[in-house]
Amino acid sequence: MQSAKPLFDHPKYWAECFGPSPFLPMCREEMDQLGWDSCDIIIVTGDAYVDHPSFGMAVIGRLLEGQGFRVGIIAQPDWSTKADFMKLGKPNLFFGVAAGNMDSMINRYTADRKVRSDDAYTPGGGGGKRPDRASLVYSHKCREAYPGVPIVLGGIEASLRRIAHYDYWQDKVRKSILIDTGADILLYGNAERAIAEVAFRLSCGEPIEAITDVRGTAFIRKDTADGYYELDSTRVDRPGRVDKIISPYVNTQELQSCSDTQAEGEAPASDTTVIVDLLPSSRIDRDKTVIRLPSFEKVSNDPVLYAHANRVLHQETNPGNARALVQKHGSQDIWFTPPPIPLTTEEMDYVFDQPFARVPHPAYGDAKIPAYDMIRFSVNIMRGCFGGCTFCSITEHEGRIIQNRSQDSIIREIEAMRDKVPGFTGVVSDLGGPTANMYRIACKSPEIEAACRKPSCVYPGICENLNTDHSSLIELYKAARELPGVKKVLIASGLRYDLAVESPEYVRELVTHHVGGYLKIAPEHTEEGPLSKMMKPGIGSYDRFKKMFEKFSKEAGKEQYLIPYFIAAHPGTTDEDMLNLALWLKRNGFRADQVQAFYPSPMATATTMYHTARNPLRKVTYKTEKVGTVKDPQQRRLHKAFLRYHDANNWPMLRDALKAMGRADLIGEGRHQLIPKH
């Protein structure tokens, strides 16, 4: 893995003399109180401003403040005019624009494309406080307010829409959000390293159009940079029929490993053949190679090329071996530099040790912000996920390499929460992150980790190179629950149970001390068809964990239960798969109250399956067998109905479906039958 300039090694901007603010200002009066005549950077966000490290705008704002910049916040502005975008004045360096902690379309609409009545990131929880495609609207208003000010786009909405992408709500491929917004540069992924670099260089007078070498960024350029070798993506992973030649330099046994043993321009490690002679005979510097993806126009009109582009993009996500990408939109090229270098533990501590107030801005008064209420007594201990679930966008945003805080930093945050946050009763609601139990788990070999192209470290089984030692997490749990004033430490983040069973000691600690009666886990399905498209383990892993859970609960003298979550209508799912899942639920006595239908989020691999009916987990060709998708609204309702087989409102639909499937034998009052006759 390449090294990077530490976050705390940048020279401080001159305004550090003002020191940290109680809250980043949201109005002119607050700026006056701080003695500021202007802001250096103004962050525009679709979320209410909560000064807590679980809220992206607070993390970036406090980080930039720690670098010496004066940072203001414009939260949930009125986008009907430019007035709200001018209330803090003209920023000296740039506007930072983000839709919020969620993609604005997912925040606003359900999986059935119905408008939500609520918004967890808004005071009072009401909907309608942010526009659809908020990044686009906010960017245009910033440009209208102050035409000459650079716009830096970031956040998860921008991150997941950085290339030409399928948009579920319009049912079409949209251009990169960088084109639509007119922003000057886009930062993708966790952007602390990139935003600090961009801010520092702008403060030194460098024009934003000259900043083209910062990792984790996207920008528009007219030609290939000097010294770069451009490689067509179809030579990296050919979407057409080709004669496959085994490289004489690659051991066929090594092809099954996750190490990058192939030459530059290799076929992906998930394939069992290698196409050679894809680059000139002289070795090409990976850092000076750019892969050209099919253009926006091509991926818009050709599902195979769309799936191919998505596959190549995901193969170029490891910071250790990723190359730059470029994609043409009309006459413009968008460049994507390789992913950011993950933060070290020292840098993670630096970010989380910023002086967060850990409460909403006082301007909201007593109004409840549901998202804050949910996390105010929780602590984020790590970032990233190497699970690679195809329906999830965590990997695309945060990466596969786990970024960990130190135990000391985490303990300090728990103590600060105990001593300063109103309403703390002694219960820590969560110690987690994208997953509950990947803290300090990584590849055994840094060399293999830096070369790996596998999309998951735990599918189809746990990689032999993965260190599954949970001892650091066990030690952290014990230290947290022994703190004075802490009565209980719960774990609410999603548990990777196939990983947990590798450490019975961890499961014992979890079950004995950190479960509040119920533990939610996500098998997602029972059938191999959908599970193989999700990259989730078979139901056998769940059964193994369930036995451990029940054993340790009994030993602890506690009556505790598992609550499994499942997804309906995922690509690769048939009506028969949902029927078998329903029968499994009934046999095991589960009655799901809330049902999750597959939601095609931008850039996710499963979304590509949904849009193209192709499987980018394997080589995509024009003759590749198509993936079954569930797009018809009636069929989506049926799949959800199977998950709620016990709901009488679903029985008429299920009766008709069972008869059509030739399974009328499952209609009746018997224990083996799914639904009653009447």
Side-chain angles (χ1 to χ4, degrees), residues 2-18 24 36 38-44 56-57 59-72 90-98 139 142-143 146-155 158-159 162 178 181-228 287-288 290 319 322 324-326 333-344 347 350-351 354:
Q2 299 182 36
S3 60
K5 184 186 185 75
L7 279 176
F8 31 73
D9 277 6
H10 287 286
K12 295 292 180 68
Y13 192 58
W14 69 265
E16 72 163 321
C17 60
F18 287 99
L24 303 177
W36 299 3
S38 61
C39 290
D40 301 309
I41 298 159
I42 295 176
I43 297 175
V44 182
M57 94 292 289
V59 171
I60 295 299
R62 287 296 189 181
L63 172 72
L64 290 169
E65 181 187 62
Q67 303 287 316
F69 298 102
R70 294 168 294 178
V71 183
K90 181 180 178 180
N92 302 319
L93 297 178
F94 64 87
F95 276 112
V97 174
S139 295
C142 288
R143 191 71 80 201
Y146 297 107
V149 175
I151 296 174
V152 178
L153 198 62
S159 185
R162 61 186 184 265
L178 187 62
T181 58
D184 295 282
I185 193 170
L186 182 154
L187 312 186
Y188 70 85
N190 292 128
E192 287 94 345
R193 199 182 296 288
I195 197 70
E197 178 75 11
V198 168
F200 172 71
R201 287 166 66 170
L202 288 176
S203 72
C204 291
E206 188 171 346
I208 195 162
E209 59 269 17
I211 301 177
T212 60
D213 58 347
V214 176
R215 294 183 67 120
T217 63
F219 47 86
I220 295 172
R221 74 183 318 158
K222 296 180 180 179
D223 49 24
T224 300
D226 291 342
Y228 270 81
D287 294 335
K288 288 294 183 179
V290 60
L325 303 173
V326 62
D333 270 348
I334 300 182
W335 274 60
F336 309 90
T337 60
I341 302 298
L343 299 185
T344 64
E347 289 174 313
Y350 174 74
V351 170
Q354 296 301 316

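Everything quoted here is computed from the prediction, not taken from an experiment.
A search for salt bridge (Lys or Arg N to Asp or Glu O under 4.0 Å) contacts involving Arg201 returns Glu197, Glu206, Asp213, not counting sequence neighbours. Partners of Tyr188 according to the ring pair (Phe, Tyr, Trp, His ring centres under 6.0 Å) rule, which considers only residues two or more places apart in sequence or in another chain, do not exist here. Annotation: side chain to side chain donor-acceptor pair (under 3.5 Å) contacts of Asn190 (sequence neighbours excluded): none. Listed by chain and residue number, Gln67 satisfy the side chain to side chain donor-acceptor pair (under 3.5 Å) test with Tyr350 (two or more places apart in sequence, or in another chain). For Pro207, the side-chain contact (heavy atoms from CB on, under 4.5 Å) partners at least two apart in sequence or on another chain are Glu209, Ala210. For Arg193, the salt bridge (Lys or Arg N to Asp or Glu O under 4.0 Å) partners are Glu347, not counting sequence neighbours. Under the side-chain contact (heavy atoms from CB on, under 4.5 Å) criterion, Ala322 pairs with Glu316, Pro338, Pro339, sequence neighbours left out. Residues satisfying the side chain to side chain donor-acceptor pair (under 3.5 Å) test with Ser139, not counting sequence neighbours, are none. Tyr146 is linked by a ring pair (Phe, Tyr, Trp, His ring centres under 6.0 Å) to nothing, counting only residues two or more places apart in sequence or in another chain. By the side-chain contact (heavy atoms from CB on, under 4.5 Å) test, Asp226 is found to be paired with no residue, residues two or more places apart in sequence or in another chain being considered. Annotation: side chain to side chain donor-acceptor pair (under 3.5 Å) contacts of Asp184 (sequence neighbours excluded): Arg143.
Across Val351 and Leu343, no two heavy atoms sit closer than the pair CG2-CD1, 4.1 Å. The minimum heavy-atom distance linking Ala191 with Ile60 is given by the pair C-CD1, 4.4 Å. Of all non-hydrogen atoms in Thr212 and Phe219, the two that sit nearest each other are O-CZ, 3.3 Å. Residues Gly216 and Pro340 come closest through the heavy atom pair CA-CD, 3.7 Å. The two atoms that bring Ile334 and Ala218 nearest to each other are CG2-CB, 4.3 Å, heavy atoms only.
To the nearest 0.5 angstrom, Thr337 atom OG1 is 10.0 Å from Leu186 atom CG. Between the CD1 atom in Ile185 and the CD1 atom in Ile208 there is a gap of 5.5 Å [rounded to 0.5 Å]. Interatomic distance, CD of Gln354 versus CG of Leu63, reported as 6.0 Å (0.5 Å rounding). From Thr217, atom OG1 reaches atom CZ of Phe336 across 10.0 Å, with rounding to the nearest 0.5 Å. A distance of 9.5 Å separates CD in Glu192 from CG in Leu64, rounded to the nearest 0.5 Å. Between the CD1 atom of Ile43 and the CZ atom of Phe95 there is a distance of 11.5 Å, given to the nearest 0.5 Å.
When the shell of 6.0 Å around NZ of Lys5 is examined, it contains more than 12 heavy atoms from other residues, nucleotides or ligands.
Of the possible donor and acceptor atoms, none in the side chain of Asp40 sits under 3.5 Å from a partner among the backbone N and O of Pro91. Arg215 contributes no side-chain N or O that, together with a main-chain N or O of Ala4, makes up a donor-acceptor pair within less than 3.5 Å.
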Check: Please walk me through it: do Ser38 and Arg70 pass side-chain contact (heavy atoms from CB on, under 4.5 Å)?
Finding: CA-CA 8 Å; Ser38 61; Arg70 294 168 294 178; 3.6 Å; yes

Next item on the list: Would you please test Leu93 and Phe69 for side-chain contact (heavy atoms from CB on, under 4.5 Å) and show each step?
Entry: CA-CA 10 Å; Leu93 297 178; Phe69 298 102; 3.6 Å; yes

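Residue pairs satisfying the salt bridge (charged side-chain N to carboxylate O under 4.0 Å, His left out) criterion with at least one member in residues 333-344, sequence neighbours excluded, are listed as follows: Arg292-Asp333, Lys328-Asp333.
Using bins of under 30°, 30° to 60° and over 60° for the plane-to-plane angle, the ring pair Phe200/His10 lands in the tilted bin.
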